[in-house]
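These notes concern the structure reproduced below.
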Amino acid sequence: MNFTSLFSKKEKKETLDAGLQQTKTGLFSKLARAIAGKTTIDDELLDKLEDILITSDVGTDTTIDIIHRLEERVARDKYVSTSELNTILRDEISALLFSETGQTAAEPLPDVVRKTVAATGKPYVMLVVGVNGVGKTTTIGKLAYQAKQAGLKVVMGAADTFRAAAIEQIVTWGQRIDVPVIKQKMGSDPASVAYDTLSSACANGADLVIIDTAGRLHNKPGLMDELAKIKRVMKKIVDDAPHEVLLVLDGSTGQNAYEQARQFIKVTDVSALAVTKLDGTAKGGVVIGISHSLKVPVKYIGLGEKMTDLQAFDAKDFIDSLFEGKLLK
Ligand SMILES: Nc1nc2c(ncn2[C@@H]2O[C@H](COP(=O)(O)OP(=O)(O)O)[C@@H](O)[C@H]2O)c(=O)[nH]1
Ligand SMILES: [Mg+2]
């Protein structure tokens with residue numbers, strides 16, 4: 001490993017640790033309270049743990065699986081000291097996520113993009129969806145920046161034509177990171193903007209196209225039809241587009257984010273998830289439940305408003321960061 005990648009690994013960990021701080025503080029203080037006066041992990045403590053995980057937004061199904069693993073571990077090892085609780089939680093949750101997905105981290109986007117471009121001679125197309133305010137445009141800006149840093153040629157499409165401010169926002173991102181934005185005027189057909197963006201990308205030999213869309217709810221048929229139309233129109237230019245439909249979720253809404261994902265996945269093809277705003281919330285545990293219970297992988301996490309505050313999700317790094325350190329007794 002060279003110096004640059006070592007350095008960026010360190011920075012990545014610092015951003016992750018800082019972003020998860022509130023979730024970690026909340027979790028550790030609950031765990032510390034639960035083990036106060038206890039030396040070994042027993043049934044009573046496991047009951048408390050169940051409550052702690054559920055109230056930390058991990059979700060009921062995932063919590064049940066975690067508790068089950070802990071019960072087996074305690075039965076196997078007999079006397080498990082409470083001072084090891086966070087280490088054991090870390091190990092069992094990591095093992096659980098690994099057993100579900102068979103991997104802890106998704107393939108880096110630049111590699112995926114390069115493969116597609118090499119195989120098809122066409123750009124890799126990402127369509128970004130989700131409800132209003134979850135962080136779609138910001139996530140797109142960050143992704144475009146990072147892809148550009150990795151040497152890819154990127155184009156963004158301003159297909160959120162609903163408000164003038166939405167177009168301005170992505171244009172501003174484009175200027176900041178020096179990535180072209182294809183747009184039309186406010187109120188124009190988003191599918192037409194997507195069409196223009198893909199045409200421009202093909203004409204200019206772009207590697208990656210990222211299309212922004214207006215906030216939409218899964219239960220509004222008109223808006224879901226609009227999404228279907230965008231997808232249909234894209235195929236006229238790049239026949240296997242979109243290669244990725246990224247659903248953005250606001251992690252600070254905890255279980256609501258999980259529910260939103262479930263509903264969206266039911267009504268439209270979603271191939272990847274991004275969970276944003278993990279900084280400034282104690283509800284970061286929701287990422288554990290989302291990546292364990294949903295069939296769609298969490299690919300990105302948002303840890304702040306800076307361009308570098310978006311990371312490829314690595315379940316092991318995430319769990320390590322969350323449970324690292326000593327529990328105070
Ligand atoms: N703290 C924090 N804020 C974020 C993050 N991602 C997005 N935001 C903020 O959330 C707000 C809404 O984001 P925006 O991208 O406009 O959402 P959109 O409506 O889904 O496009 C903006 O103020 C963003 O700066 C994140 O990871 N952390
Ligand atoms: Mg937006």
Side-chain angles (χ1 to χ4, degrees), residues 11-12 14-24 57 126-146 156-177 179 181-184 186-188 190 193-194 197 210-218 220 223-224 226-227 230 245-254 256-257 260-261 263-264 268 270 272-287 290 298-314 317-318 321-322:
E11 280 195 326
K12 192 179 168 190
E14 281 168 5
T15 303
L16 185 62
D17 289 347
L20 295 183
Q21 196 54 51
Q22 283 198 36
T23 299
K24 183 168 178 163
D57 284 274
M126 266 173 102
L127 179 65
V128 180
V129 303
V131 309
N132 241 329
V134 290
K136 291 180 296 300
T137 308
T138 307
T139 300
I140 291 167
K142 292 169 175 173
L143 276 171
Y145 165 77
Q146 293 180 18
M156 301 189 285
D160 178 357
T161 59
F162 208 64
R163 292 171 305 126
I167 301 173
E168 274 163 37
Q169 190 190 1
I170 194 163
V171 167
T172 305
W173 265 103
Q175 286 162 351
R176 257 166 84 188
I177 62 179
V179 165
V181 176
I182 305 301
K183 58 170 182 159
Q184 292 179 12
M186 190 192 127
S188 49
V193 177
T197 310
I210 314 180
I211 306 284
D212 195 10
T213 63
R216 71 195 66 235
L217 287 167
H218 58 83
K220 291 277 189 296
L223 288 171
M224 295 315 284
E226 186 183 274
L227 213 53
I230 295 175
V245 179
L246 180 68
L247 174 65
V248 181
L249 303 162
D250 177 346
S252 72
T253 64
N256 284 341
Q260 223 168 67
Q263 302 293 346
F264 250 94
T268 186
V270 172
L273 305 172
V275 186
T276 63
K277 307 191 200 181
L278 292 173
D279 57 308
T281 178
K283 296 177 187 284
V286 70
V287 177
I290 288 177
V298 176
K299 285 203 181 162
Y300 308 102
I301 51 175
L303 297 155
E305 299 192 77
K306 294 198 305 292
M307 291 185 242
T308 48
D309 289 340
L310 184 84
Q311 299 192 350
F313 175 63
D314 180 319
D317 288 352
F318 187 91
S321 171
L322 207 51

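If you're wondering where the values come from, they're calculated on a predicted model, not measured in any experiment. Just follow the structure's listing: the first ligand is 1, and inside any ligand the first atom is 1.
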Check whether [X] reaches the backbone of [Y] with its side chain - one donor and one acceptor, N or O, closer than 3.5 Å.
X: Thr197; Y: Val193; value: yes
X: Gln146; Y: Leu310; value: yes
X: Thr137; Y: Ile170; value: no
X: Glu168; Y: Arg163; value: no
X: Asp160; Y: Phe162; value: yes
X: Thr15; Y: Thr308; value: no

| task | Provide the protein N, O or S atoms situated under 2.8 Å from the Mg ion (ligand 2); waters are not included. | result | Thr137 OG1
Tell me whether [X] has any N or O atom under 3.5 angstrom from an N or O of ligand 1.
X: Asp279; result: yes
X: Lys136; result: yes
X: Asp309; result: no

Minimum side-chain heavy-atom gap [X]-[Y] below 4.5 Å:
X: Met156; Y: Ile177; value: yes
X: Thr213; Y: Val128; value: no
X: Phe313; Y: Leu273; value: no

Give the residue and atom name of whichever protein heavy atom lies nearest to [atom], and the separation in Å to one decimal.
atom: atom 3 (N) of ligand 1; answer: Glu305 CG, 3.3 Å
atom: atom 12 (C) of ligand 1; answer: Gly133 O, 3.6 Å
atom: atom 15 (O) of ligand 1; answer: Thr138 OG1, 2.6 Å
atom: atom 16 (O) of ligand 1; answer: Gln169 NE2, 2.9 Å
atom: atom 4 (C) of ligand 1; answer: Lys277 CG, 3.7 Å

| message | Hydrogens and angles aside, do Asp250 and Thr276 bring a side-chain donor and acceptor to less than 3.5 Å of each other? | response | no
| said: Please tell me whether Ser321 and Asp17 have a donor and an acceptor in their side chains that are separated by less than 3.5 angstrom. | reply: yes
| Measuring from the heavy atoms of Val248, does anything fall under 4.0 Å of ligand 1? | no
| said: At less than 4.0 angstrom from any non-hydrogen atom of Gly302, what atoms of ligand 1 do you find? | reply: 27 (O)
| message | For Leu249, run the side-chain contact (heavy atoms from CB on, under 4.5 Å) check against Val131, Val298, Val286, Ile290 and tell me which one passes. | response | Ile290
| remark: Checking heavy-atom distances from atom 26 (C) of ligand 1 to each of Ala274, Gly135, Gly304, the winner is Gly304
| said: Please classify the Leu303 to ligand 1 contact at 4.0 Å (heavy-atom distances, strictly less than): side chain, backbone, both or neither. | reply: backbone
| Side chain, backbone, both or neither: Lys306 near ligand 1, heavy atoms under 4.0 Å | neither
